[in-house]
Amino acid sequence: MSAETTIETAGAPRGAADAATGYNFAYLDEQTKRMIRRAILKGIAIPGYQVPFASREMPMPYGWGTGGVQVTASVIGPDDVLKVIDQGSDDTTNAVSIRKFFARTAGVATTTHTAEATMIQTRHRIPEAPLREGQILVYQVPIPEPLRLLEPRETETRTLHALAEYGVMHVKLYEDIAQHGHIAKTYDYPVEVNGRYVMAPSPTPKFDNPKMEMSPALQLFGAGREQRIYAVPPYTRVRSLDFEDHPFTIQRFAEPCALCAATGVYLDEVVLDDRGGRMFVCSDSDHCEERRAAGHRGTMLAGAAGTENDHA
Amino acid sequence: MYVAVKGGEAAIDNAHALLADARRGDRSVPEIGTDQIAEQLALAVDRVMTEGSLYDRELAALAIKQARGDLIEAIFLLRAFRTTLPRFGYCEALDTGAMRVRRRISATYKDLPGGQVLGPTFDYTHRLVDFALAAGVEPPPAPEAALDAAREEDAARMPRVTDLLAGEDLIERESADADAPVADLTRAPLGFPASRDLRLQALTRGDEGFLLALGYSTQRGYGKNHPFVGEVRIGTVEVGFVPEELGFEVPLGEMLVTECQMVNQFKGSAEVPPQFTRGYGLAFGQNERKAMAMSLVDRALRAGELDEERRNPAQDEEFVLSHADNVQATGFVEHLKLPHYVDFQAELHLVRGMRAEIAVRRAASAQGESTQDESASETKEAAE
């Protein structure tokens, strides 16, 4: 199933499972969904361009993912399988809350397995497992404007985008290097999409930026409070901004995941005591669980008799 | 050994149960009724209706109860409900000149047709805590009934002060194209520059405290525009609507509103003789503070249109309109309590890396020139 088919099916009449809620399928009324889908289609047609849309008040606060929720509600269909993550994990409270919201208002199947999901709504991470064609990744975006912290005025930044005038961003990155010896941007690291628009990838760690490049999945971005939607269609170039002599690099962790021994993944630091004890574990909880199920064992996995030194 | 943030679902359910219990409070105290809130906390209800953009006293009272008296939370509840309601059209412009006035004061004239009507106001109360209220002493009946007939008569000839001024061309005329579509920021994304109708809508929905501070700042010189309260009037107005299938106006009902018309510094040029300018404020229910603050900010935001220099926050349309909405503001401020550990990890990574590099550099230079560098590196440390 292609992403486009999913968008079409979402306009279908409400499924059987939602009868009890008193709200339309996936909460939003069909007119609103149509308005949002138009914005999404425009976003897909102009990769990386921020499309204004008439964001609605949602039953969760601004800042909790109202943009992502509206995008998901507008493209989800009764046959979709939804996964929701926050900080890479399916179990964080807000991920649980949003998943529950769609289970209740759309009656769709939910999953924690990346491979099983047709739609994944995320806050701050891209799953470790590669995405495939037909999957839609929906990002929750707090500040959609990559230039916002350099230029607070929307009227100015829209002009800068129109003129593809991104000098201010390059100067900022250069100043970081001059001051710190590094580009001091570790998350929400700006990218150039399809050779044209500079785009905010949402506050994912820059570790995840390379996953956006030529992804077979459709990537949709929703910013509710700021009333913007943008998109990266499948197989689109996404380049993290850098300089020839200071090429873009991602975070690398010195040790593997303490539970599943994975390397080359993004890790969370867990403080164990107040004497400097800490462990590093996969931020992507599903990825970690699947690896453990497959027999990979980290040094701190309970009952880990013989630990492996696995380089996955 | 390692406890992840698991069991989120049970935790959320339990938190909701605890919230419901805390909302109820001590169960030996009688539960408050929404009718009591609507009647006895009427000004809270008015504010919630205004900023919630929905004129429904019962629903606003319920929202206040549900929100445990947190008015921004109640406003949010009302907004989230409102957004699900179907729109069948826009009403005709309210005729506040035909208002059934409950209170009306003008600061520009000592007396005027219809007179000054104080109405129910805190203005001249002495702010002494009234212990009789705690004792549950019933207030004497208000002298309202006896004056009703006279008041009705007065209300019939109570022209707006701005209309009196406009009759002499002393104030700019407000011209609105009746056929032009009404801007609606709940249906179209806010864009800049914004039209005045859109600005007024945003200001009416805007946070009372934010507008109060901005209005105050104009009085203290950050965008001064020499305001006089031409008039504040509070009363009921009829809401008219023209259904497409009928083609003529039918009344939908009445609502209580507060209107403030601020008369501001005059403008003139070689061609146009000097005239006063206007600032406008409107709120649901009785809310003079909001209506007055709004009219100050509305006037300040007209700086561009009136060829005034725009140097101050209250004159900056993008600044004011982008930050006036308290539901948006509270959401984004409070979202900082959501987990951010993935990003924090990224920052930790960078800071640790940079500190390690500095340590290596220092160690190297300490080895090379062990004595003479000491004072320099100390200075550097202090600077960090």
Side-chain angles (χ1 to χ4, degrees), chain A residues 23 27-29 32 52-59 61-64 66 86-89 91-97 100 123-125 142 152-155 180-182 184 186-188 203-207 225 227-228 251 253 258-259 266-270 272 279 281 283 285 300-302, chain B residues 1-12 15 53 73 76-84 86-87 184-193 316-319 322 325 327-336 338-351 353-354 357-358:
Chain A
Y23 285 100
Y27 182 76
L28 292 176
D29 60 283
T32 299
F53 81 110
S55 176
R56 300 290 191 252
E57 274 98 356
M58 297 301 284
Y62 290 113
W64 264 245
T66 54
D86 188 337
Q87 314 293 300
S89 166
D91 292 314
T92 40
T93 41
N94 199 38
V96 169
S97 164
K100 210 168 157 185
R123 176 168 173 266
H124 295 188
R125 275 312 307 279
R153 275 170 208 286
E154 181 69 13
T155 36
H180 307 293
H182 292 274
T186 57
Y187 58 90
D188 212 353
T204 51
K206 66 176 181 175
F207 179 89
R225 188 179 40 77
Q227 310 186 317
R228 295 291 183 273
Q251 291 99 345
F253 291 83
L259 297 181
Y266 197 78
L267 301 177
D268 284 337
E269 180 173 340
V270 180
L272 298 174
M279 67 190 285
V281 294
S283 138
S285 55
M300 293 179 86
L301 188 64
Chain B
M1 185 181 306
Y2 164 58
V3 187
V5 192
K6 286 259 183 196
E9 192 150 358
I12 292 173
S53 268
E73 181 68 25
F76 181 20
L77 284 168
L78 219 55
R79 291 260 195 100
F81 176 78
R82 177 193 197 270
T83 197
T84 65
R87 305 297 152 88
D184 185 350
L185 60 80
T186 68
R187 299 282 110 177
L190 182 61
F192 301 106
D316 185 332
E317 170 178 285
E318 225 186 298
F319 177 79
S322 301
D325 192 301
V327 177
Q328 292 177 352
T330 200
F332 201 45
V333 167
E334 291 197 53
H335 108 283
L336 291 173
L338 291 182
H340 283 80
Y341 45 78
V342 167
D343 293 344
F344 186 66
Q345 186 61 51
E347 296 281 80
L348 269 179
H349 208 271
L350 177 69
V351 172
M354 294 193 328
E357 280 168 23
I358 289 172

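Convention: sequence-line order gives letters A, B, ...; per-chain numbering from 1.
Of the listed residues (A:Tyr187, A:Phe207, A:Phe53), the greatest number of heavy-atom pairs within a distance under 4.5 Å of chain B belongs to A:Tyr187. Of the listed residues (A:Pro152, A:Pro203, A:Gly88, A:Pro59), the one with the most heavy-atom contacts under 4.5 Å to chain B is A:Pro203. When the candidates B:Gly353, B:Ser322, B:Ala80 are compared by the number of heavy-atom contacts under 4.5 Å with chain A, B:Ala80 comes out ahead. When A:Pro142, A:Pro61, A:Ser55 are compared by the number of non-hydrogen pairs under 4.5 Å with chain B, A:Pro61 comes out ahead. Highest contact tally toward chain B, considering only A:Gln227, A:Arg228, A:His180, is held by A:Gln227 [criterion: heavy-atom pairs under 4.5 Å]. For the set B:Met354, B:Arg187, B:Arg82, the entry with the most heavy-atom pairs within less than 4.5 Å of chain A is B:Arg187.
For a residue to count as touching a neighbouring chain, one of its non-hydrogen atoms must lie under 4.5 Å from one of that chain's; by this rule A:Tyr266 touches chain B with the side chain only. Heavy-atom distances place no part of A:Ala258 under 4.5 Å from chain B, backbone and side chain included. Contact annotation for B:Val327: both backbone and side-chain heavy atoms come within less than 4.5 Å of a heavy atom of chain A. For B:Thr84, the part lying under 4.5 angstrom from a heavy atom of chain A is the side chain only. Proximity to chain A involves both the backbone and the side chain of B:Leu190, based on heavy atoms less than 4.5 angstrom apart. Contact of A:Ser283 with chain B is made through the side chain alone, with heavy-atom distances under 4.5 Å. Interface remark: A:Ser97 contributes backbone and side-chain atoms alike to the contact with chain B (heavy atom separation under 4.5 Å).
Here NE2 of A:His124 is found 14.5 Å from CD of B:Gln345. Values are rounded to the nearest 0.5 Å. In this structure, CD in B:Glu334 is found 5.5 Å from CH2 in A:Trp64, a value given to the nearest 0.5 Å. Separating the CZ atom in A:Arg123 from the CG atom in B:Asp343 is a distance of 8.0 Å, to the nearest 0.5 Å.
Nearest heavy-atom pair, A:Arg56 versus B:Thr186, reported as atom, atom and distance to 0.1 Å: NH1-O, 3.1 Å.
Residues B:Asp316 and A:Arg153 are paired through a salt bridge, judged by an N-O separation under 4.0 Å between the basic side chain and the carboxylate.
Evaluated for a side chain to side chain contact (heavy atoms under 4.5 Å, CB included) with B:Val342, the options A:Asp86, A:Leu267, A:Asp268 yield exactly one hit, A:Asp268.
Counting heavy atoms of neighbouring residues, nucleotides and ligands inside a 6.0 Å radius, atom CZ of B:Phe344 does not exceed 12 of them.
Shown here are the salt bridge (Lys or Arg N to Asp or Glu O under 4.0 Å) partners of A:Arg125, two or more places apart in sequence or in another chain: A:Glu128, A:Asp208. B:Ala188 meets the side-chain contact (heavy atoms from CB on, under 4.5 Å) test with no other residue; sequence neighbours excluded.
Side chains of B:His349 and A:Thr186 form no contact here, defined as non-hydrogen atoms less than 4.5 Å apart. At a threshold of 4.5 Å between non-hydrogen side-chain atoms, the residues B:Arg79 and A:Met58 do not count as touching.
Taking the six-membered ring for Trp and thresholds of 30 and 60 degrees, B:Phe76 and A:Tyr62 have nearly parallel ring planes, at less than 30 degrees apart.
A:Glu154 places no side-chain N or O within donor-acceptor distance of the main-chain N or O of B:Glu318, the cut-off being under 3.5 Å.
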